[in-house]
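Side-chain atoms are counted along with the backbone in the values below, which use heavy atoms only and exclude waters and symmetry mates.
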Amino acid sequence: MSLITVENLTHSYTDRKLFDKAAFHLSEGEKVGIIGVNGTGKSTFLKIVAGEEVPDEGEIVVRRNLKISYLPQNPVFDQEETVLQAALPRQEQISVKPAEYEPEAKNYLIKLGFADWNQQVGELSGGQRKRVALVRVLLTPCDVLILDEPTNHLDSAMAEWLENYLRGTRKSLIMITHDRYFLDCVVNRIIEIAQGNLYSYSCSYEGYLERKAEREEIALATERKRQSILKKEIAWIQRGARARSTKQKAHIARYEKLRDMEAPEPEKTVELVSGSSRLGKTTVELKNIVKSYGANCVIRDFTYTFLRTDRVGIVGANGCGKSTLLKMIVGEVPLDSGFITVGQTVKIGYFSQESESMDGSLRVIDYVREGGEVIHTSEGDITAAIMLERFLFSSDMQYSLISKLSGGEKRRLYLLRILMESPNVLFLDEPTNDLDIATLTILEDYLDSFDGIVVAVSHDRYFLDRIATRILAFEGNGIIRQYEGGYTDYQQKTIHVISVKDAGIDLLETGVEKEKKVNRSNWKENAPKKLKMSYKEQREYETIEADIAAIEEAIQKCEEEIITYAKDFVRLNEVTVKKEELETELLEKMERWEYLEELAEKIARK
């Protein structure tokens, strides 16, 4: 059953067209992840669907009496409310008193790191306010959850709790997140916003990557075929075709239609090249450092020397001191005791969680030039203007004001400004917050070739698995322990320790296998060994070749439709998905035919 339908959505922000006759629908039980490069309109789309913003054009049809609970990117509160009051559903959205939700609200708040219910919202950080708003949205009775960046400011344990909650809920979901593991586990459909269109993929994030590559390959193949036909048509026209007969007129009309078709525009991605300055023998050395806030010791007697090739991920609960450690190294927070030695050749690039304050009246290019006019890379010297283009800031955008940029675009610009300073030590504090997946992917590739030290505080499990070779884990009471490998390696080691401690045995290595169930993928290996066909198998054997031929014919028809709908990407996606399903069915039929054919031969030899 359709809950929300969007048709012919057209909307602009300042002088940029975000959507051009885009379409979308949400069915009951669907969990949809929205992805796209920053600035393409993801948050705007959620606002429109949630009824918080009116589009320039288009029709939004919502099922009668549908209840929507919406988490904005930057929630607004009464600053004098307590944490508990702010976490409760609003009276106008429920049929009972808000106080009845207090037990459940306290439970959720504990899961998200709160203990003081009476603290005023005005005293909270931006991340804490976002978590309070998340509790209120989850508690509000609704049919559809619309969540804008719910995983920002959640540590790994909180993200896993929310992941399990959303997987278990029967509510439909529309969500923006850049946490790729989270997407893979929660959603069953991906919507990509690109070039004013919405592209739908009925799969998880991993499946989306495969299908997107196929869609782009089909579009390029269609364009190559168009160019080949167009070349022949041009030759025919140049021979002096006479437009007298109906047939010749139709031929010319086909040529003009081919000529006027727009070629598929290649998707823009952020391009990064590694640029850094020489790093000497002495890097960054920490010796017996201590930091406390009152009675709370966040770092206790910690010693570590960063190696020139270090790729370090820092993990731990919110508020445990991860960002404090980075700020101590860069000199923003004083030590209580201990020593920090920074080598003379060390040039730190610090990508802070809060970002530095940007002057909204500055032009984009002037802000970047403050970091450096030129960056020295393996490709040679690259100017600020060219680097901006590689970061998806067109020549027009480069001379626009920073105040006109989206939050994600400002974070991308802030990252570029840091890289323009050619650091040889990169400290990244929550880099995955507000950076889109495309930018994160390129940043990960950049860090692979970065000739220097990389230290990242992050709760993004995918990002840490991708870039880290060592984990520093804050484990409470100021204790920091070192683990080799990425986040998954760290997680497995900590699970092993807990299992040995609590049960006296490593549950991960018991070797106990779950009972195998026969399903569509393993029916063949579990098929009973017999030398006769059942009545049902005999009937299937008689018709299976005809079934295979019919599926092959349907696949051929899909291939023809793919060429026909080359410019209708919505229909193209539908046909492509259908073709994939038919190919899977054909493979299963062929395996089944082989099994039945083999059985028939054995029966004949008996």
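Judged by distance alone, the side chain of D336 and the main-chain N or O of S292 form a donor-acceptor pair under 3.5 Å. A donor-acceptor pair under 3.5 Å is absent between the side-chain atoms of R308 and the main chain of I453, judged by distance alone. For E160 (side chain) and A157 (main-chain N/O), no donor-acceptor pair under 3.5 Å exists by modelled atom type. Between the side chain of D148 and the main chain of P72, no donor-acceptor pair closer than 3.5 Å is present. A donor-acceptor contact shorter than 3.5 Å links the side chain of R417 to the backbone of Y367. N152 places no side-chain N or O within donor-acceptor distance of the main-chain N or O of E149, the cut-off being under 3.5 Å. For D310 (side chain) and V312 (main-chain N/O), no donor-acceptor pair under 3.5 Å exists by modelled atom type. E475 places no side-chain N or O within 3.5 Å of a backbone atom of R481 that could act as its donor or acceptor partner.
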Handout entry: Pair D429-S352, side chain to side chain donor-acceptor pair (under 3.5 Å): steps then yes or no
Key = CA-CA 5 Å; D429 193 355; S352 70; over 6 Å; no
Evaluate L413 against F391 for side-chain contact (heavy atoms from CB on, under 4.5 Å), listing each step before the verdict.
CA-CA 8 Å; L413 182 64; F391 266 62; over 6 Å; no
Report task. Determine, step by step, whether R136 and Y108 satisfy the side chain to side chain donor-acceptor pair (under 3.5 Å) criterion, reporting the C-alpha distance in whole Å, the side-chain angles of both residues, the deciding distance to 0.1 Å, and the verdict. Result -> CA-CA 9 Å; R136 184 168 72 190; Y108 286 10; over 6 Å; no
Report task. Using the side-chain contact (heavy atoms from CB on, under 4.5 Å) rule, take M328 and I289 through it: C-alpha gap first, then chi angles, then the decisive distance, then the call. Result -> CA-CA 10 Å; M328 289 166 67; I289 64 172; 4.1 Å; yes
Between T40 and L18, does the side-chain contact (heavy atoms from CB on, under 4.5 Å) criterion hold? Intermediate values first, please.
CA-CA 6 Å; T40 53; L18 299 178; 5.9 Å; no
*Determine, step by step, whether E285 and F306 satisfy the side-chain contact (heavy atoms from CB on, under 4.5 Å) criterion, reporting the C-alpha distance in whole Å, the side-chain angles of both residues, the deciding distance to 0.1 Å, and the verdict.*
CA-CA 6 Å; E285 299 176 358; F306 289 96; over 6 Å; no
- Could you go through the side chain to side chain donor-acceptor pair (under 3.5 Å) check for S361 and D359 one step at a time? CA-CA 5 Å; S361 64; D359 184 352; 2.6 Å; yes
Check: Stepwise, does the ring-ring contact (aromatic ring centres under 6.0 Å, His included) test hold for Y201 with Y199?
Finding: CA-CA 7 Å; Y201 302 86; Y199 300 102; 7.2 Å; no
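Sparse packing is recorded around CD of Q344, with 12 or fewer heavy atoms of other residues, nucleotides or ligands lying under 6.0 Å away. Around the CD atom of E206, the shell of radius 6.0 Å holds no more than 12 heavy atoms that belong to other residues, nucleotides or ligands. Around CZ of F339, the count of heavy atoms belonging to other residues, nucleotides or ligands within 6.0 Å does not exceed 12.
When all heavy atoms of A438 and V37 are compared, the closest pair comes out as CB-CG2, 4.0 Å. Looking at every heavy atom in both residues, R311 comes nearest to L447 through NH2-O, 3.1 Å. Heavy atoms only, all atoms of each residue included: P431 and F351 are closest at CA-CE2, 3.5 Å. Here the closest heavy-atom approach between residue V137 and residue Y70 is recorded as CG2-O, 3.5 Å. V298 approaches G321 most closely through the heavy-atom pair CB-CA, 4.2 Å. The nearest pair of heavy atoms linking Y446 to L426 is CE2-CD1, 4.1 Å.
With a 4.5 Å cut-off on side-chain heavy atoms, V374 and I382 do not count as touching. Counting heavy atoms from C-beta outward, M158 and N318 have side chains that approach closer than 4.5 Å. When side chains are defined from C-beta on, F19 counts as touching L198, because their heavy atoms get closer than 4.5 Å. V346 places a side-chain heavy atom less than 4.5 Å from the side chain of N424. Residues F45 and I193 have side chains in contact (heavy-atom distance under 4.5 Å, counting atoms from C-beta outward). The side-chain heavy atoms of I174 and L145, taken from C-beta on, include no pair separated by under 4.5 Å. At least one side-chain heavy atom of V83 sits under 4.5 Å from a side-chain heavy atom of L109. Using a 4.5 Å heavy-atom threshold, the side chains of F302 and K291 count as separate.
In this structure, the separation between CD on Q73 and NZ on K42 is 8.5 Å, given to the nearest 0.5 Å. Within the model, atoms CZ of R180 and CG of L440 stand 5.0 Å from one another, a figure rounded to the nearest 0.5 Å. Atom-to-atom distance recorded for T303:OG1 and D301:CG is 5.5 Å, nearest 0.5 angstrom. Atom CG of N188 and atom OG of S204 lie 9.5 Å apart (nearest 0.5 Å). Rounding to the nearest 0.5 Å gives a distance of 3.5 Å between CD1 of I176 and CG of L46. Between the CD1 atom in I191 and the CE atom in M175 there is a gap of 12.5 Å [rounded to 0.5 Å].
Only one option out of H459, H153, K322 pairs with E430 in a side-chain hydrogen bond (donor to acceptor under 3.5 Å, both in side chains); it is H459. Of the options K410, E409, K404, a side-chain hydrogen bond (donor to acceptor under 3.5 Å, both in side chains) to S406 is made by E409 and by none of the others. Looking at L124, L112, L71 one by one, the single match for side-chain contact (heavy atoms from CB on, under 4.5 Å) with K130 turns out to be L71. With Y205 as reference, I437 is the one residue of D179, I437, V186, V187 to meet the side-chain contact (heavy atoms from CB on, under 4.5 Å) rule.
A cation-pi arrangement is present between R412 and F393, with the terminal nitrogen or guanidinium carbon under 6.0 Å from the aromatic centre and inside a 45° cone about the axis.
Side-chain contact, R189 with S200: a donor N or O sits under 3.5 Å from an acceptor N or O. Between the side chains of Q491 and T488, no donor-acceptor pair is found at a separation under 3.5 Å. Y487 and S458 form no side-chain donor-acceptor contact under 3.5 Å, judged by distance and modelled atom types alone. Side-chain atoms of D465 and Y181 include a donor-acceptor pair closer than 3.5 Å. In summary, the side chains of E53 and H11 do present a donor paired with an acceptor at a separation below 3.5 Å, with no hydrogens or angles considered.
Here R466 pairs with D445 in a salt bridge; the nearest charged N to carboxylate O distance falls below 4.0 Å.
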